[in-house]
Structures are given as C-alpha cells and as structure tokens.
Amino acid sequence: MNKNVIVIGGGPAGLEASAQLQNMGYNVILVERTHELGGHLAKWDRLFPDGVPAKSVLDSLLANIGGVKYFLGTEVQSVNLLEKSYNVILSNGITILANAVLIASGFDLFPAEKKEEYGYGIYDHVITNADLESFFASRKDKQAVPDPRIPLQPQKIGFVHCVGSRDEKIGNRHCSKVCCATAVKQACEIKEEFPQADVYCFYMDLRMFGRNYEDLYLKAQKDYGIRFIRGRVSEVAEDIDKKLVVKAEDTLSGKPVKVTLDLLVLMAGMKNSGAGQQVGSMISLETAEDGFFSCRDSVYSLQKSNKNGIFFAGACTGPKTLPDTLHEARAAALTVHNYMKNFE
Amino acid sequence: MADFGYSLTPSSRIDLNKADRETFGKLVKLEPDVLKCMACGSCTASCTAGVYTRTSIRSAILYLQNGREKEALEFIKGCMLCGKCTIVCPRAINTRQLVLSICKIYNLK
Ligand code: SF4
Ligand code: SF4
Ligand code: SF4
C-alpha cells in the first residue's frame with residue numbers, strides 16, 4: 001500500500017499534522033515554499049493571551065518532525081488526479097504519488113498599504129502588527145538594526161483595529177479573529193517598553209473570546225492604563241513634525257476625536273494565502289466569498305474539502321488562533337488516517 | 001408640592017414600546033442597507049460638516065432605530081451632501097443617498 005501523504009505548507013498546521021501522521025506510520029512529504037519552517041510563527045515574538053515566547057512553541061513543533069521528509073524553497077508545480085491518487089510534481093523536479101494531500105497553506109497578512117488613508121509606506125511612523133513583532137523579536141539580537149519607523153521615546157502610540165478586515169470597500173467583509181487579542185497584547189507590551197507613553201486602541205468591537213482573553217483586556221485597562229476608544233479610524237494625516245494626526249468618532253460620547261501620535265500600529269488582518277490559492281486552482285478547489293477555501297460543511301467536516309483525498313488544516317479555511325490551528329492539524333491527521341483505510 | 005431640593009425632568013429613557021417602527025419600515029424598504037450599519041463612526045469622523053455642527057449619520061440611524069425621529073433629523077440637518085461619508089463607510093452603505101431618503105420618508109426638506 002502507498003502510505004505517502006503530501007503536506008503543503010510548513011507553518012504550525014503543516015508541522016503539527018506532519019508530526020502526527022508520521023507518528024501513525026505514514027510516509028510524510030512536507031513542501032514549504034520559503035527557506036524556513038514555521039510560517040508566521042517564526043517571525044512572531046510573543047503569543048497571546050499570556051505572552052508565551054513564539055520560539056518555544058516553534059521549537060516544540062520542530063522537535064516532533066523527526067522522520068518527516070521536507071523540502072524547503074520548493075513549490076508545487078502541478079497536481080493531477082490519477083484514478084484515486086494524486087500525482088504531485090514539485091519545482092525541484094521530484095514527483096510524488098500520494099493518496100492524500102493535506103493543504104496547510106495558511107494565510108497572508110493583509111497588505112496594509114492598500115488602505116491608503118492610513119498611510120502605511122507613505123508616512124514615516126506607521127507600522128503593522130507584524131512589524132512590531134519583528135521589532136520586539138529583534139531586541140534580543142544586538143546586531144539588529146532598530147526599525148527607524150519606531151521613535152526612540154514615543155509619547156503617544158495608537159493601535160488601529162480591523163485594518164483590511166470588516167471592510168467591504170477593501171473586499172474583506174470577514175473579521176480576522178486574532179487581531180483584537182493581538183492589539184491588546186501588543187498595547188501592553190509597548191507600554192512596558194515605553195512606560196511614559198499614552199497608548200490608545202481604536203476598536204469597533206473587542207473580540208476577546210478565548211480563555212483568559214478577557215483577563216488580558218482587564219489587565220490592559222487596569223495595569224497598563226490603555227485607553228480604548230470605540231470608533232473606527234477614518235483617516236490619518238502626517239503633520240510637519242512627521243507626527244500622525246488620527247481622526248475617528250468616539251461613538252460612546254458621539255463626538256469626533258482627533259489625536260496626534262508619534263507611532264501608529266495597524267492591525268493588518270488575514271486573507272487566504274496567494275501561494276495556497278495557486279495550488280488550490282490546480283485542483284479547482286472552491287473558495288468561498290471571503291477568499292478562503294470552502295470546507296465540505298461548516299460544522300462536522302471542517303478538515304475535508306469537496307474533493308476526495310484533499311484535506312485542510314489551519315488558516316487556509318479562515319482566520320484561526322494558533323491553538324485552533326494546532327487542533328485542526330491533529331484533527332486533519334486523524335481524518336486523513338480514516339480516509340487512508342479505504343486503500344488497505 | 002413639597003420641595004425635595006431637586007426637580008424631575010421628563011424621562012430620558014428610550015421607550016422601544018412606543019418607537020415608530022412603521023415609518024422606519026418604510027425607510028428600510030427604500031434603503032435596505034440602513035440595517036447594515038455597525039455604528040463604527042467613520043461617517044461622523046470624516047464628515048466635513050461634523051466638526052462645527054452635530055452632523056452624524058451614525059447617530060441619525062441610531063435615533064431613528066430608537067424611534068427618536070426629531071433628534072435624528074437634527075443629526076442630518078447640517079449635511080451638505082458632499083458624499084465623503086459614503087467613501088469611508090466600511091459596510092458600503094450609500095450614506096449620502098440615505099440622507100436624501102430619510103428626508104423624503106420623514107418629510108424634511
Ligand atoms: S479580531 Fe478585532 S481587530 Fe481583528 S478584524 Fe475582528 S474585530 Fe477587527
Ligand atoms: S454627505 Fe453629509 S453627512 Fe456625509 S460627510 Fe458630507 S456633509 Fe457629512
Ligand atoms: S460609516 Fe457606515 S457602518 Fe459606520 S457608522 Fe457610518 S453608516 Fe454606519
């Protein structure tokens with residue numbers, strides 16, 4: 001029996017699913033487009049709700065993939081269905097025949113420059129959530145060049161929620177799920193870094209749904225004095241001192257507000273990975289209106305696609321937290337295992 | 001009457017039992033998108049008239065939902081129909097058109 005399983009994407013979902021499948025006795029081939037494993041996790045510093053170092057989670061994932069054959073810097077060139085198995089050709093010239101293909105291609109961060117009115121890439125002191133994580137992560141590295149967009153002593157810092165999410169104008173109506181918790185976490189962290197600074201979060205709804213997330217919110221208010229302003233930022237302008245003038249409505253008092261900031265952090269949301277979609281189009285996988293892949297149903301069969309032998313794990317089927325993604329990876333391994341019994 | 005040292009003002013409570021749903025229903029028929037508002041305040045924040053007058057589409061929608069027509073109309077009285085709010089609305093509501101429709105349904109010029 002052919003025990004090959006191909007896993008596409010070497011982020012947390014792909015790593016965890018590969019480890020589980022390998023453990024069950026399958027012959028796992030993991031394909032990663034970039035030159036390192038770990039996906040977005042490899043670039044993150046700390047994780048909500050309680051600030052666990054991203055690196056410790058990544059190390060645990062990597063420690064378990066012994067025996068998994070993986071290819072870095074490798075793309076999927078074609079996928080063809082032959083009777084019941086898939087023939088996958090990789091960009092390194094290798095061809096693999098597998099009964100099951102697991103898509104774990106994850107997400108792309110919303111390109112914040114598309115929301116021009118927020119000035120990312122135009123104004124000097126506008127960064128994204130990912131840029132801020134890189135900044136936090138780089139402080140341990142003495143050689144790293146500090147991000148010039150982050151002032152040495154910022155006095156006022158703002159976080160803009162829902163950038164590229166919940167926005168029909170930009171074509172993403174969905175909520176990206178993790179950015180509220182990320183914003184509150186980063187607001188606390190930046191306050192720790194710059195204790196003299198006033199920190200504002202501009203939100204529409206605070207989606208602190210997970211265990212201990214509400215405590216994180218409370219801590220942000222009580223221990224860090226973060227100011228939460230309920231209103232979407234409508235526009236940002238740069239003044240002659242390169243400071244950022246932010247306009248919103250404080251909807252709770254029903255008055256327009258204006259505040260001048262030294263640093264603005266945009267909570268860029270999630271969209272389906274472009275590279276993942278490319279693979280999806282080779283086997284005509286359906287995507288839903290939000291751009292993410294469609295599962296077989298929305299409750300019971302989240303790991304199955306509409307095609308036999310093609311499975312999903314992680315954020316390729318919609319925004320997910322890291323624990324959600326790891327659960328899905330394990331569920332996907334089991335789903336693949338049950339499917340493979342058809343071939344015995 | 002005994003002097004208690006304070007006076008009563010008419011209740012400021014929003015009474016949804018008495019709210020006029022019928023006229024609002026007519027507005028919804030004409031502008032179904034009015035129901036999509038998520039009260040984000042982008043329209044109010046970007047409004048060219050909003051800094052000096054109380055112009056606020058968000059508030060107008062909210063007050064209409066609550067059956068407070070008179071107050072609602074106060075929030076669109078200052079509108080100059082410039083359309084800036086329509087550009088920013090993340091729920092893609094044609095707010096400028098909505099102002100015109102509110103005026104039509106609620107007989108305001
Ligand atoms: S999680 Fe919060 S910040 Fe992110 S899109 Fe949803 S509401 Fe907006
Ligand atoms: S159309 Fe009216 S409400 Fe909208 S921004 Fe212009 S003046 Fe303000
Ligand atoms: S911008 Fe649109 S969604 Fe936001 S408050 Fe105004 S009308 Fe409602």
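Just so we're clear, the structure is a prediction, and the values are computed from it rather than from any experiment. All values below come from the heavy atoms of this structure, side chains included, with hydrogens, waters and symmetry mates left out. Here is the naming used below: chain letters follow the sequence lines, and residue numbers restart at 1 for every chain.
Proximity to chain A (any heavy atom under 4.5 Å) is restricted, for B:R58, to the side chain, taken from C-beta onward. For B:I87, the part sitting under 4.5 Å from any heavy atom of chain A is the backbone (N, CA, C, O) and nothing else. Of the two parts of B:C89, the backbone and the side chain both hold a non-hydrogen atom closer than 4.5 Å to a non-hydrogen atom of chain A. When heavy atoms are compared at a cutoff of 4.5 Å, B:S56 approaches chain A solely by way of its side chain, counted from C-beta outward.
Classification of the A:F135-A:F194 ring pair by plane angle, with boundaries at 30° and 60°, yields parallel. Ring geometry for A:F312 versus A:F293: interplanar angle under 30°, hence parallel rather than tilted (30 to 60°).
Comparing B:S46, B:C43, B:S59 by heavy-atom pairs within less than 4.5 Å of chain A, the highest count is held by B:S46. In terms of heavy-atom pairs under 4.5 Å with chain B, the best-connected choice from A:K255, A:R173, A:E168, A:R166 is A:E168. Top candidate by heavy-atom pairs under 4.5 Å with chain B, chosen from A:A248, A:G231, A:P256, is A:A248.
Rounded to the nearest 0.5 Å, atoms OG1 (B:T53) and CE (B:M80) are 7.5 Å apart. From A:S176, atom OG reaches atom CZ of A:F110 across 9.5 Å, with rounding to the nearest 0.5 Å. Atoms OG1 and CD, from B:T95 and B:E31 in turn, are 10.0 Å apart once rounded to the nearest 0.5 Å.
Remark: the A:D131 side chain and the A:Y120 side chain contain an N/O donor-acceptor pair separated by less than 3.5 Å.
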